[in-house]
Amino acid sequence: MTFYKRLNREFFSRNTITVAKELLGKYLIRETEKGTIVGEIKEVEAYLGSEDKACHSYKNKKTERTKVMYEKPGTLYIYLIYGMYHCLNVITEPEAIPCAVLIRQVYPINGIELMINNRKIRTGKNFKNLTDGPGKLCMAYNITKYEFNGEDSCANDSKLFFAYNKEVFDKTVVALKRIGINYAEEDKDMLLRFKLIK
DNA sequence: AATGCGATTCTCT
DNA sequence: GAGAATCGCATTT
């Protein structure tokens with residue numbers, strides 16, 4: 001049983017772009033009764049709140065769905081997309097500033113059998129395909145809004161959280177356009193998707 | 001390897 | 001009632 005040092009409130013309370021980039025290489029961890037699922041974060045997107053046309057909280061829009069974006073940093077924001085897939089986000093910036101980072105891709109580290117079962121796919125050894133999209137990783141981790149939306153990932157008893165990895169010094173990050181937000185007019189071209197290369 | 005399309009239900013107007 | 005921070009399968013190169 002390995003010990004993982006959880007990312008705390010101060011980590012998420014900072015500037016969204018800083019948090020997004022620093023999440024690359026960290027661990028996303030889900031503890032279940034059958035074992036622990038661990039993946040290394042490879043790709044994220046930053047959503048910049050009231051000023052960002054791609055963000056659900058653009059112009060401080062507050063609805064039943066988006067209200068958790070105004071919670072404490074470290075809170076999980078999970079919503080359903082296309083009627084079938086969930087997307088996992090973590091809230092950033094000080095409380096009441098509705099910004100978030102979308103987790104787009106992780107690399108499977110631990111609990112791979114659990115991920116395969118959750119995905120309900122028969123697979124060879126194509127590990128990376130298990131969690132290389134926001135909907136896929138939620139399936140592999142069995143993350144739903146019914147269970148985790150509004151949960152505090154910084155709480156000591158949280159079963160879904162982020163943790164430190166050993167520091168990587170030659171981390172290569174590329175900045176790209178975000179995906180699936182063509183409605184966001186000029187903001188759709190902002191380079192707010194960050195990806196770890198090797 | 002690249003492209004196209006249908007799936008499916010929640011959320012907001 | 002429309003449309004959505006996507007995926008998997010089928011089809012074609």
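So you know, we letter chains A, B, ... as the sequences are listed, proteins then strands, and number each from 1. Just so it is clear, the model here is predicted, and its values are computed rather than measured.
Glycosidic conformation, dA5(C): syn, with the torsion inside 90° of 0.
Applying the salt bridge (charged side-chain N to carboxylate O under 4.0 Å, His left out) test between Asp52(A) and each of Arg178(A), Lys61(A), Lys188(A), Lys59(A) identifies Arg178(A) as the sole match.
For the pair Arg6(A) and Phe161(A), the distance from NZ or CZ to the six-membered ring centre is under 6.0 Å and the angle to the ring normal is within 45 degrees. Remark: Arg14(A) is not positioned above the aromatic ring of Phe12(A), lacking an NZ or CZ atom under 6.0 angstrom from the ring centre and at most 45 degrees off the axis.
Side-chain polar atoms of Tyr79(A) and His56(A) form no donor-acceptor pair below 3.5 angstrom.
Between Arg104(A) and Glu45(A) there is a salt bridge, since a side-chain N of the basic residue sits under 4.0 Å from a carboxylate O of the acidic one. The residues Glu95(A) and Arg9(A) are annotated as not salt-bridged, no charged nitrogen and carboxylate oxygen being separated by less than 4.0 angstrom.
Rounding to the nearest 0.5 angstrom, the gap separating the CZ atom in Arg119(A) from the CG atom in Asn129(A) is 8.0 Å.
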Base-pairing string, 5' to 3', of DNA chain C - Watson-Crick or wobble, under 3.5 Å, | interstrand:
||||.|||||||.
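Across the protein-nucleic acid pair, Asn149(A) atom CG and dA5(C) atom P stand 15 Å apart, rounded to whole Å. Rounded to an integer number of Å, the gap from Tyr58(A) OH to dA5(C) P is 15 Å. Rounded to whole Å, atom P of dA5(C) lies 16 Å from atom CG of Leu192(A). When the C1' atom of dT11(B) is taken as reference, atom CE of Met69(A) falls 15 Å away, rounded to whole Å. Rounded to whole Å, the distance from CG on Leu130(A) to P on dC7(C) is 13 Å. One interatomic measurement links the two molecules: CE of Met190(A) to P of dA5(C), which rounds to 15 Å at whole-angstrom precision. Distance, Arg119(A) CZ to dC9(C) C1': 13 Å, rounded to whole Å. In this entry the distance linking CG of Leu48(A) with C1' of dA5(C) reads 13 Å, nearest Å.
Closest approach to the Tyr47(A) side chain among dT11(B), dA5(C), dG8(C) is made by dA5(C) (side chain taken as heavy atoms from C-beta onward). Nearest to the side chain of Lys145(A), among dA5(C), dT6(C), dC10(B), sits dC10(B).
Across residues 76-93 of chain A, Leu80(A), Tyr82(A), Gly83(A), Met84(A) each have a non-hydrogen atom less than 4.0 Å from an atom of DNA chain B (numbered order).
For Val174(A), the side chain to side chain contact (heavy atoms under 4.5 Å, CB included) test picks out Leu176(A), Lys195(A), Ile197(A), with sequence neighbours left out.
Residues Tyr4(A) and Tyr27(A) place their aromatic rings such that the two centres sit under 6.0 Å apart.
Looking at heavy-atom distances under 4.0 Å, Arg178(A) makes no contact with the nucleic acid at all.
The side chain of Lys136(A) contributes an N or O atom lying less than 4.0 Å from OP1 or OP2 of dG8(C).
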